[in-house]
Engineer: 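Structure below; questions to follow.
Residue numbers start at 1 and run along the sequence shown. The structure presented is a predicted model; accordingly, all values stated were derived computationally and were not measured.
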Amino acid sequence: KMDNKIRTTPFTYYLSRSLFFLAFLALLGAWLTELTGGSLLGLSQQHLFYDAIVLSLFGIGMYLDG
């Protein structure tokens, strides 16, 4: 059982880093929509902020799982 945990650990770290990166992109998109007053790819500023929050929480969960 421990061998399986060791094999999945790098995957969860890579997944958490990817989720943090996507959260950062969503946060940048939210800031851009605030500056321009429009939407980004059809998503509102509030939606992008919520995406950043959820992706960050998923990233934290994956990091702690690793």
Engineer: Can you sort out the partners of L57 under side-chain contact (heavy atoms from CB on, under 4.5 Å), two or more places apart, ordered by chain and number?
Structural biologist: I53

Engineer: Restricting to side-chain contact (heavy atoms from CB on, under 4.5 Å), what partner residues turn up for S39, sequence neighbours left out?
Structural biologist: none

Engineer: With sequence neighbours excluded, tell me which residues meet side-chain contact (heavy atoms from CB on, under 4.5 Å) with L32.
Structural biologist: none

Engineer: Roughly how far, to the nearest 0.5 Å, is CD of E34 from CH2 of W31?
Structural biologist: 9.5 Å

Engineer: Taking side-chain contact (heavy atoms from CB on, under 4.5 Å) as the test, write out the residues that go with F24, two or more places apart.
Structural biologist: L28

Engineer: How about L35: does its CG atom have over 12 heavy atoms from other parts shown lying under 6.0 Å from it?
Structural biologist: yes

Engineer: Looking at L27 and F49, what are the two nearest heavy atoms and their distance?
Structural biologist: CD1-CE2, 3.4 Å

Engineer: By ring-ring contact (aromatic ring centres under 6.0 Å, His included), which residues pair with Y63, not counting sequence neighbours?
Structural biologist: Y13

Engineer: Can you see which heavy atom on M62 is nearest to which on S16, and at what distance?
Structural biologist: CB-CB, 3.7 Å

Engineer: Within a 6.0 Å radius of atom CZ on F58, are there more than 12 heavy atoms belonging to other residues, nucleotides or ligands?
Structural biologist: no

Engineer: Listing request: all side chain to side chain donor-acceptor pair (under 3.5 Å) pairs with a residue in residues 46-58, at least two apart in sequence or in separate chains.
Structural biologist: Q46-Y50, H47-D51

Engineer: What is the minimum heavy-atom distance between L55 and A23, and which atoms define it?
Structural biologist: CB-CB, 3.7 Å

Engineer: Side-chain heavy atoms nearer than 4.5 Å, only ILVMFWY residues, links allowed to pass through others: does that put L22 and L15 together?
Structural biologist: yes

